[in-house]
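Dropping the structure in here first, questions after.
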Amino acid sequence: MNMKKGILFYLRIYRKIVVQDIKSKMSYRADFIISMIGMIFTNICGALGFWLIFQRFPSIDGWNYNEMMFLYGFSLISATPAQCLFDNNWNLRIVVYDGSFIKYCFRPINLFFYYMSEVFDVKGLGQFLFGIIAVAYSWNKLSLPFHWYSLPLFIFMALSASLFVIALLNLASATCFWLVHSFFALQLSNTLRDFAKYPITIFGLTIRNLLTFVIPVAFMAFYPSMPFLRETQVQWQTYLTPVFGIFFLYISYKVWMKGALAYDGTGN
Amino acid sequence: MASPIIQLKNVTKEFKVLNRHEGLAGSIKDLFSQDYKIIRAVDNVSMDIMPGEIVGYLGPNGAGKSTTIKMMTGILKPSEGTIMCNGVVPYDKRTQNAQNIGVVFGQRSQLWWALPAIESFNILRDIYQIEEKKYKDMMNLYGSIVDMDALMHKPVRQMSLGQRTLCDILASFLHDPAVVFLDEPTIGLDVAMKSKIRELIKMLNKERNTTIILTTHDMGDVDALCQRIVIIDKGKMLFDDGIDKLTETFGAYRTLSLSLLSKKEKADEARMNELVQKVTDVLGSNISDKNAFTVSSRDDQIEILLDEKKTNVMKVLNYIQDESRIYDMHLNEISTESVIKKIYEGGLS
């Protein structure tokens, strides 16, 4: 028997679990439809808020409505993997406190993978769709150039940016391994993520540095969007987005696992 | 002789617990406090468990049972001593160890909540990399023991507690592990389901020669399944031997039940207490060793737990008959439950 557990092993298990999960979610039809409607409304409201602001101000610090729309769309797209694949982070706090997290500790597979594989959030796909529409719309309105490399670059940048969203979510949820009242961390991470929608040049230097180096929210949309929005103003951070993303994700994984492996089933 | 499948050598587990202070000022103090106390949850426990054994691991709540189990499954690392489980140090090689063990926690299902059991089994087959043939053999074996069709196609969340436990136990044996840990498998189940579960555990143990570590508070489980029991209290091991040795080790106890009231008399609580007191006094004035007997009441009966090494039944009957009329009497062997209860209460050691 081949005991080596490579990526194919995990992919096969993941596919199996996710297919089953989606099947069972569809069986709660009302729940499924209502959450879909909720997701659509959330995004419409978000877009509406944007539109209202720009009814009053034609631009913010040199950034016009369509450019902002692009960033907004980009942030939705880069948040999709976290939303779809790592959504179980939101339940972590609960299973850790009531002790049921221990059931994940007895399987001969990676704990982080096993836990995350349990939930696939279909709603994320709706969010993704909104993001695509917003980006396509603003791309068109801004008459941005579309080169042969634009699409692959966009995918690459969006994926790199998504690493930051995942990492931030992992870190925020992992706080529950050490703290009793850890929900604030998840809320805080969500609030901070809202900053991703804005070009960080509109903030003061302190906040700008904070959002770049401490809580790297600026990497979730702003830096990786620059090659498309303002080709001439690309900063060094843009090039480092994939590297930082991998690094940040790695750190978040290590922290998460450290907490999970120290978990002894008695809560805190 | 075969070598043990699980071996604990002088295992001790200590926890550092913060001494908490009361009130708001206390909580603030706790934030910076270095005032820890050490709690010894498991204290120098050693045991060898042989392949194919069913070991009942008993002890009152908080005795250190689950701490020991968590160390054997690799969740916790002992502070001192070593554990070997199937040739692996569980807390160093947690994932490797997990391949060789199965775990069932009483009321917490480890199956995917929303999926039919058969789908969970399918995923487990991949996770444990169970070969096609082995998987089929196991499913055939299961089919010969329980009605799989009724069980397998229902989502776990729609199952009764009994069905869920059944599925959880089946799932834990699926990859044919060397050791299965069962934590209170029959808790909360009705009598029929309990016996069904016990039957299943017994069959699986026999068919696959799986070693089973069973923690329970239900002596019915112990009587039905275990040849050997280990009793732990306050972290210390009190007993580790065959279940038949239990009564031998802890004295030749027998229970004498007496009816001291005629049918007409009402056996209310006050009257029974009075009788208990009376019998205690009578025996007390005749038997010098106060540990030889314990008097209590159950319904309208007076129950006397006797240590036959220290006194005998006929003498006791004589003493009582001098003072009171005996309408009826029964003599019973002490149940496992009573012995364990006595051990927990510290009456025996």
Side-chain angles (χ1 to χ4, degrees), chain A residues 1-6 8-28 31-32 88 91 94-96 98-115 117-120 122 179-181 257 260-268, chain B residues 13 15 17-18 41 62 66-67 69-77 88 90-91 93-105 107-116 118-120 122-132 134 155-158 168 171-172 175 177 180-181 183:
Chain A
M1 186 165 46
N2 176 24
M3 290 299 292
K4 199 166 152 10
K5 289 169 184 142
L8 284 176
F9 167 83
Y10 280 107
L11 277 178
R12 200 176 50 183
I13 292 179
Y14 195 81
R15 197 196 44 146
K16 242 183 190 175
I17 295 177
V18 167
V19 167
Q20 288 302 333
D21 181 57
I22 293 175
K23 246 201 258 174
S24 76
K25 275 211 187 96
M26 303 278 221
S27 70
Y28 293 103
D31 186 78
F32 186 76
N88 217 15
N91 302 323
I94 298 155
V95 296
V96 162
D98 74 9
S100 45
F101 185 73
I102 199 160
K103 77 171 192 184
Y104 301 97
C105 303
F106 298 122
R107 301 277 184 228
I109 53 173
N110 182 285
L111 189 53
F112 180 76
F113 166 83
Y114 183 36
Y115 182 73
S117 70
E118 211 177 46
V119 171
F120 179 88
V122 194
L179 302 175
V180 181
H181 302 289
M257 281 299 273
L261 290 174
Y263 180 76
D264 63 9
T266 45
N268 294 271
Chain B
K13 178 70 191 176
F15 290 105
V17 181
L18 193 64
S66 32
T67 307
I69 301 285
K70 279 174 193 164
M71 287 193 284
M72 292 197 257
T73 51
I75 306 282
L76 287 175
K77 193 178 168 158
V88 177
Y91 38 88
K93 296 255 163 75
R94 192 150 126 179
T95 314
Q96 199 184 329
N97 187 53
Q99 183 73 36
N100 299 323
I101 63 169
V103 184
V104 176
F105 270 121
Q107 294 186 305
R108 285 198 185 116
S109 181
Q110 295 184 57
L111 301 171
W112 285 263
W113 201 240
L115 305 188
I118 188 72
E119 300 296 349
S120 279
N122 250 320
I123 296 169
L124 288 177
R125 181 168 84 172
D126 276 358
I127 288 180
Y128 287 97
Q129 298 179 301
I130 306 168
E131 285 166 23
E132 188 71 31
K134 278 192 162 181
V156 175
R157 69 182 145 80
Q158 286 175 10
D168 257 309
S172 71
H175 55 292
V180 169
F181 296 89
D183 187 31

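Convention: sequence-line order gives letters A, B, ...; per-chain numbering from 1.
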Heavy-atom pair of closest approach, residues A/Lys103 and B/Leu111:
NZ-O, 4.0 Å

Straight-line distance of A/Phe101 CZ to B/Arg108 CZ, nearest 0.5 Å
13.0 Å

Relative to each other, are the rings of A/Tyr114 and B/Trp112 parallel, tilted or perpendicular (30° and 60° limits)?
perpendicular

Quick check: closest heavy atoms across B/Ile127 and A/Phe9, and the distance to 0.1 Å?
O-CZ, 3.6 Å

Correct closest heavy-atom pair for B/Ala98 and A/Pro108 would be CB-N, 3.6 Å

Please tell me if the side chains of A/Cys105 and B/Arg94 come closer than 4.5 Å, counting only heavy atoms from C-beta onward.
yes

Is it the side chain or the backbone of B/Glu119 that comes within 4.5 Å of chain A heavy atoms, both, or neither?
side chain

Measuring from B/Asp183:CG to A/Ile102:CD1, what's the distance to the nearest 0.5 Å?
9.0 Å

For B/Asn122, is it the side chain, the backbone, both, or neither that has a heavy atom closer than 4.5 Å to a heavy atom of chain A?
both

To the nearest 0.5 Å, tell me how far B/Ser120 OG sits from A/Gln20 CD.
8.5 Å

Is it the case that atom NZ in B/Lys77 sees more than 12 heavy atoms from other parts of the structure closer than 6.0 Å?
no

Portion of A/Leu261 that has a non-hydrogen atom of chain B nearer than 4.5 angstrom:
both

With rounding to the nearest 0.5 angstrom, report the CG to CD1 distance, B/Asp126 to A/Ile13.
5.5 Å

Which is it for B/Leu124 and A/Arg107 under the side chain to side chain contact (heavy atoms under 4.5 Å, CB included) test, yes or no, and what are the steps along the way?
CA-CA 9 Å; B/Leu124 288 177; A/Arg107 301 277 184 228; 3.5 Å; yes

Is chain A contacted by the side chain of B/Tyr91, its backbone, both, or neither, given a heavy-atom distance below 4.5 Å?
neither

Measure across A/Asp21 and B/Leu115 and return the closest heavy-atom pair with its distance rounded to 0.1 Å.
N-CD2, 4.4 Å

For B/Tyr128 and A/Phe106, which heavy atoms make the closest approach, and how far apart are they?
OH-O, 3.7 Å

